[in-house]
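Have a look at this one before I ask anything.
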Amino acid sequence: MNDFLKTPIEFLKGVGPQRADLLRQELGIHTFADLLNHFPFRYIDRSRYVTVSELSTMETAAQLRGRIIAVSESGVGRTKKLSAKFQDESGIIDLIWFQGIRWIKPLLKIGIEYQLYGKAKFYGSSWNMPHPELTEWKDVLLKTGLQPVYSTTEKLTAKGLHSKGIEKLTATLVSQVKGKLAETIPTAILNKHHLIPRESAYILVHLPSIENDFHRARLRLKFEELFFLQLELLLRKSITAQKSKGFVFNEVGTIFNHFYHEYLPFPLTGAQKRVIKEIRKDFISGQHMNRLLQGDVGSGKTLVALLTMLIAVGNGFQTALMAPTEILASQHLETLSEFLKDMPVKVSLLTGSVKKKDRVSIHEGLEDGSIHILVGTHALLEDAVQFKNLGVVVIDEQHRFGVAQRARMWKKNTIPPHVLIMTATPIPRTLAMTFYGDLEVSVIDELPPGRKPVNTVHRYEASRLRVFGFMKEEIAKGRQVYIVYPLINESETLDFNNLMSGYEAITRSFPLPDYKVSIVHGKLKPEDKDYEMQRFIKGETQIMVATTVIEVGVNVPNASVMIIESAERFGLSQLHQLRGRVGRGAEQSFCILMTGIKLSKESTRRMETMVRTNDGFEIAEVDLQLRGPGDLMGTQQSGALDLRIADLSRDAQIVIMARDEARGLLDLDPGLDRPQHMTLKEILREILKSRPDWGKIA
Ligand code: ADP
Ligand code: MG
């Protein structure tokens, strides 16, 4: 980078040491480069004026031109109010101030022409504008064109660095950049996507004269930001790949083939086949596999996991399948044992509640290699669990496992076993590319044939009796029903009381001996939880009242109704997971979202989305727009969250474009050694140095 950009901010005309301190503390602006990268978050169209008669409450702000015809003050103390009547050729609007009255009043001159700017409201029978921006017409500098608006803070505002103050500083700086902002992106890429040069982009993003200016400027700057991020990810990935050797499974093996040809109960879907091929390729590559398998609920990930493990077993290796809960682990054990019942493959279960003496024999079986597949929970991670030759670890529902825990799995063989992470919470493609940029990603984007999509409806409390009636009809047909309560924080008494009173209401409306009801929540002892769960799984109870403990994985194909209480309190991905508990059998299934009458805009959007679609990837996209990438990805440390101008929830197209170009560039020049890539290499070297640790995800 050149020296001009590294100049400390206090050397900019109009800044000085005191303001420089504040800029550093409040906005992290240390250098000229930092100020240039403090982008406007919106622009005000200063060329557009409306008249009072054209005002609309839909506009976020309006600009008018007219005169003040009267000023008055009313109230005392806290109710004190300053008003002014502002008139243009079409009508009158009241301007109102509740604060700063003492210094604003003397500035209001009757009969003089002003530019007025603010948000207009319609109240009673007239228009008003609280705390407007008012500038005497003769002092208006920017009579046309676009004015940038910058974020600032209270402390900066007090020192004259409100948006306009920052605008002035930025304009000063921008006037000096000519010839000082070297191009960073190869010309071929610029031309291909019609991106404007870097220097013009910085000038136009701060000083646009027409809308198209800032669009073009922002596109260029977003692309640049994402392009370097993708280059960084790809470079890190290739560095990791070079370093980490993996076991080679040369053949598919007789075990896999035997199972595939003799016992596979149904043909694989096209997507399942494709994923197996992708995994096969990793297994013969000699490199360590780190693969994320995304597939919607019910897409058949377990079978893919099984086939993956059978390849390893056929090559003389052991495998482990790790699940986040005991219930899930035992279900996996059952599923796998059923699939493998006529195969010479030994599957065992290891969880926290396995008895000491059984545990000893499992440890032995693992050490002498007689156990081929070990299914379990966190208990697998304990140091006492040693394998003869662990080759593959499959992790189900990865969001429940921390990075450190996963790392412990690596140490269970001389070189790390291959890792396949399965997640049923689809991650939008752009996020997957960015956050898991160093993992390979496989997607099962096809459900097994014959599935009936779950029929989802949204109901208010007033329809409860009808909902109960519907439950009775379904139960009469021999089906089972889940009712889920939002015990999001298991320790919250209020939530717990809701659950218990809900349970009581259910037992009253669905009395013994015709109906039997199970209840599962976090306060139950594990053995009681398991007992209740098993009764429902075996069909001994028809109704399962539960908290979100049943969220993931549980498989009861006969359950056809999912009722979610206070559905507005759940996030989209949670709602989708819960809905995934039904629709697993041949019958038409239903999901009923119960909510209160008053819903926020966001909750309404969530309900609408659930009713509209069953597609987990589409739901994930909406979730991303509602919550933003930071919330969606949790507290994961990542440079992808430090983006200055690009927005992962809105700029999907640009992410993909940047990814493709970054990949193309590295294919052409892996070491970035060509002379025209010198600047690029230099910038990347600095980036890699400044974020040494991130990217180590699995
Ligand atoms: P998930 O991806 O949610 O873990 P599962 O692996 O539990 O999904 O699969 C859901 C159901 O679909 C299971 O009952 C499984 O046996 C069945 N299934 C998986 N693959 C196929 C297929 N290719 N054809 C038909 N049914 C399948
Ligand atoms: Mg599953």
Side-chain angles (χ1 to χ4, degrees), residues 256 259-261 263-277 279 291-310 320-341 343 347 373 375-377 393-401 420-427 441-454 480 482 533 537 548-560 562 573-587 589 591 614-617 619-620:
F256 177 101
F259 176 77
Y260 196 88
H261 297 296
Y263 300 117
L264 193 67
F266 26 64
L268 294 182
T269 61
Q272 284 171 320
K273 280 189 196 155
R274 190 187 62 232
V275 172
I276 300 281
K277 274 197 196 121
I279 292 169
R291 188 169 279 281
L292 179 73
L293 174 57
Q294 291 201 64
D296 213 338
V297 275
S299 61
K301 292 185 293 293
T302 317
L303 191 56
V304 170
L306 172 62
L307 291 168
T308 303
M309 294 192 288
L310 291 183
L321 170 58
M322 219 168 30
T325 64
E326 297 218 351
I327 295 176
L328 268 178
S330 24
Q331 282 210 344
H332 275 317
L333 177 83
E334 256 168 56
T335 313
L336 298 188
S337 308
E338 176 61 27
F339 274 128
L340 295 172
K341 60 179 188 267
M343 294 280 303
V347 191
I373 298 179
V375 179
T377 53
V393 178
V394 179
I395 302 173
D396 196 6
E397 315 294 1
Q398 58 92 27
H399 55 288
R400 305 272 170 121
F401 284 105
L420 180 68
I421 300 167
M422 304 198 288
T423 168
T425 310
I427 304 162
V441 179
S442 289
V443 178
I444 308 188
D445 49 8
E446 182 186 353
L447 294 180
R451 287 283 166 79
K452 293 198 184 85
V454 179
Q480 291 165 284
Y482 291 102
M533 202 63 225
I537 292 170
T548 51
V549 292
I550 60 143
E551 182 184 337
V552 286
V554 178
N555 191 19
V556 183
N558 190 48
S560 67
M562 165 63 66
S573 71
Q574 234 180 346
L575 290 172
H576 181 61
Q577 281 301 310
L578 286 168
R579 176 168 61 183
R581 297 309 103 212
V582 297
R584 305 176 82 80
E587 306 306 332
S589 294
C591 175
N614 273 289
D615 178 344
F617 284 93
I619 288 170

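Heads up: numbering here begins at 1 and tracks the sequence. As the structure is a computational prediction, the values presented were derived from the model and not from experiment. Remember, it's 1-based here, ligands and their atoms both numbered in the order they're listed.
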Next on the checklist: Whether the side chain of Arg451 engages the backbone of Gly298 through a donor-acceptor N/O pair (distance < 3.5 Å, no angle test) should be reported.
Outcome noted: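 It does hold such a pair.
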
Checklist entry - Ala323 and Leu328: which non-hydrogen atoms are nearest, and at how many Å? => result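 Heavy-atom minimum between the residues: CB-CB, 3.9 Å.
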
Next on the checklist: Under 4.0 Å, heavy-atom basis, I'd like to know which part of Pro267 is in contact with ligand 1: side chain, backbone, both or neither.
Outcome noted: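 Answer for Pro267: backbone.
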
Next on the checklist: So for Asp296, does at least one of its heavy atoms come nearer than 4.0 angstrom to any atom of ligand 1?
Outcome noted: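 Heavy atoms of Asp296 do come under 4.0 Å of ligand 1.
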
Checklist entry - Do Leu307 and Ile279 come within less than 4.5 Å of each other through their side chains, counting heavy atoms only? => result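 A side-chain contact is absent here, since even the closest heavy-atom pair is not under 4.5 Å.
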
Item to check | Proximity of Thr302 to ligand 1 by residue part, where a heavy atom lies under 4.0 Å | outcome: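 Both parts.
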
Next on the checklist: Any nitrogen or oxygen of Pro448 lying under 3.5 Å from a nitrogen or oxygen in ligand 1? Just yes or no.
Outcome noted: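 No; every N/O pair is 3.5 Å or more apart.
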
Checklist entry - Where the side chain of Gln272 meets the backbone of Leu303, is there a donor-acceptor pair that is under 3.5 Å apart? => result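 Not at all, since once roles are kept as given, no pair shorter than 3.5 Å links the two residues.
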
Checklist entry - Considering the options Val275, Asp445, Val441, which one meets the side-chain contact (heavy atoms from CB on, under 4.5 Å) requirement together with Gln294? => result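 The single option meeting the side-chain contact (heavy atoms from CB on, under 4.5 Å) with Gln294 is Val441.
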
Next on the checklist: With heavy-atom distances below 4.0 Å as the criterion, list the atoms of ligand 1 near Leu268.
Outcome noted: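 Close to Leu268: 23 (N).
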
Item to check | Sub-4.5 Å side-chain heavy-atom contact between Val304 and Met422 | outcome: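 No - every pair of side-chain heavy atoms lies 4.5 Å or more apart.
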
Checklist entry - Which of the numbered atoms in ligand 1 are below 4.0 angstrom from a heavy atom of Arg451? => result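 Near Arg451, the atoms of ligand 1 are 10 (C), 11 (C), 12 (O), 17 (C).
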
Item to check | Geometric class of the Tyr260/Phe256 ring pair [parallel <30°, tilted 30-60°, perpendicular >60°] | outcome: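 Correct class here is parallel.
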
Item to check | Part of Arg584 within contact of ligand 1 (heavy atoms, under 4.0 Å) | outcome: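 Only the side chain of Arg584 comes within reach of ligand 1.
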
Checklist entry - Does some non-hydrogen atom of Gly295 fall short of 4.0 Å from ligand 1? => result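 Gly295: no contact with ligand 1 (<4.0 Å).
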
Next on the checklist: Just so I know, are the side chains of Leu293 and Thr308 near enough to count as touching, which here means a heavy-atom distance under 4.5 Å?
Outcome noted: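 They are not in side-chain contact.
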
Next on the checklist: For Glu338, state whether at least one heavy atom is located under 4.0 Å from any atom of ligand 1.
Outcome noted: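 For ligand 1, residue contact (heavy atoms, under 4.0 Å) with Glu338 is absent.
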
Item to check | Contact atoms of ligand 1, heavy-atom distance to Thr269 under 4.0 Å | outcome: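 Listed by number with element, the hits are 23 (N).
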
Checklist entry - Contact between Pro265 and ligand 1, counting heavy atoms under 4.0 Å? => result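 No, Pro265 has no heavy atom closer than 4.0 Å to ligand 1.
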
